[in-house]
Amino acid sequence: VQLQAFGGGSVQAGGSLTLSCTVVGGTVSNYGMGWFRQAPGKEREFVAAISGEGGTTHYQASLKGRFTISKDGVKNTMDLHMSSLKPEDTAVYFCAADPAMNLYGSSWSPPYRSLEFWGQGTEVTVSS
């Protein structure tokens with residue numbers, strides 16, 4: 001299984017962007033999946049996660065309301081719609097997947113190091 005993240009780019013503050021992550025060799029509904037980001041000079045941080053069937057979502061508290069995570073079973077992607085973007089959202093965004101589908105296992109608890117699959121990252125730059 002490989003994860004491929006795409007959709008990053010440059011956007012002005014206040015704009016929107018949607019990232020997507022596709023599962024190559026697998027089906028999104030079979031994995032709990034999530035997004036993480038790493039800003040320059042900072043540690044990687046959790047952004048959002050979604051359960052296998054998409055019925056449960058978790059967000060970093062400070063991002064809830066601006067970011068929406070979802071799955072598209074037809075496209076076989078996990079998506080992250082980001083709105084009202086701020087310069088501090090500038091980061092490389094990584095997608096991750098794990099066979100633990102319900103988000104309540106140890107894989108989906110900090111520091112998230114045991115998540116099984118990681119994508120290569122897609123860069124988001126928000127200018128003021």
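None of these values were measured; they are calculated from a predicted model.
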Main-chain N/O of Val92 paired to Gln38 side chain as donor or acceptor, under 3.5 Å: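 Such a contact is absent between Gln38 side chain and Val92 backbone.
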Backbone N/O of Gly7 and side chain of Tyr93: donor-acceptor pair under 3.5 Å: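 Not at all, since once roles are kept as given, no pair shorter than 3.5 Å links the two residues.
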Do [X] and [Y] make a side-chain contact, defined as non-hydrogen atoms from C-beta onward lying under 4.5 Å apart?
| X | Y | value |
| --- | --- | --- |
| Phe117 | Tyr31 | yes |
| Val47 | Leu63 | yes |
| His58 | Tyr104 | yes |
| Arg37 | Glu45 | yes |
| Thr22 | Lys75 | no |
| Glu116 | Val1 | no |

Just checking Gln2: does its CD atom have more than 12 heavy atoms from other residues, nucleotides or ligands closer to it than 6.0 angstrom?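 No, CD of Gln2 has 12 or fewer neighbouring heavy atoms, counting only those of other groups under 6.0 Å.
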Just wondering, more than 12 heavy atoms not from Glu88 lying within 6.0 Å of its CD?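 Counting other residues, nucleotides and ligands, CD of Glu88 exceeds 12 neighbours.
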Atom pair [atom1] ([X]) and [atom2] ([Y]), whose distance is rounded to the nearest 0.5 Å:
| X | Y | atom1 | atom2 | value |
| --- | --- | --- | --- | --- |
| Ser29 | Lys71 | OG | NZ | 6.5 Å |
| Ile50 | Thr56 | CD1 | OG1 | 8.5 Å |
| Gln4 | Cys95 | CD | SG | 9.0 Å |
| Leu19 | His81 | CG | NE2 | 10.5 Å |
| Ser10 | Leu85 | OG | CG | 11.5 Å |
| Phe36 | Glu43 | CZ | CD | 13.5 Å |

Verify same cluster id: [X], [Y] (apolar side-chain graph, 4.5 Å):
| X | Y | result |
| --- | --- | --- |
| Phe46 | Trp35 | no |
| Leu103 | Met33 | no |
| Tyr112 | Tyr59 | no |

What are the two closest non-hydrogen atoms of [X] and [Y], and how far apart are they?
| X | Y | result |
| --- | --- | --- |
| Ser16 | Ser84 | OG-N, 4.3 Å |
| Leu3 | Cys21 | CB-SG, 3.9 Å |
| Ser114 | Ser106 | OG-O, 4.4 Å |
| Ala96 | Trp108 | O-CH2, 4.2 Å |
| Leu80 | Ala48 | CD1-CB, 4.4 Å |

Per the side-chain contact (heavy atoms from CB on, under 4.5 Å) rule, which among Asn30, Thr77, Asn76 passes with Val23?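 Exactly one pass, corresponding to Asn76.
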Stepwise, does the side-chain contact (heavy atoms from CB on, under 4.5 Å) test hold for Met82 with Val124? CA-CA 10 Å; Met82 306 180 293; Val124 173; 4.0 Å; yes
Between Phe94 and Trp118, what is the ring plane arrangement, given parallel below 30°, perpendicular above 60°, and tilted in between?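 The rings of Phe94 and Trp118 stand perpendicular, inter-plane angle above 60°.
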Do Ser51 and Asn102 have side-chain N/O donor and acceptor atoms under 3.5 Å apart?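 Not at all, the side chains of Ser51 and Asn102 share no donor-acceptor pair under 3.5 Å.
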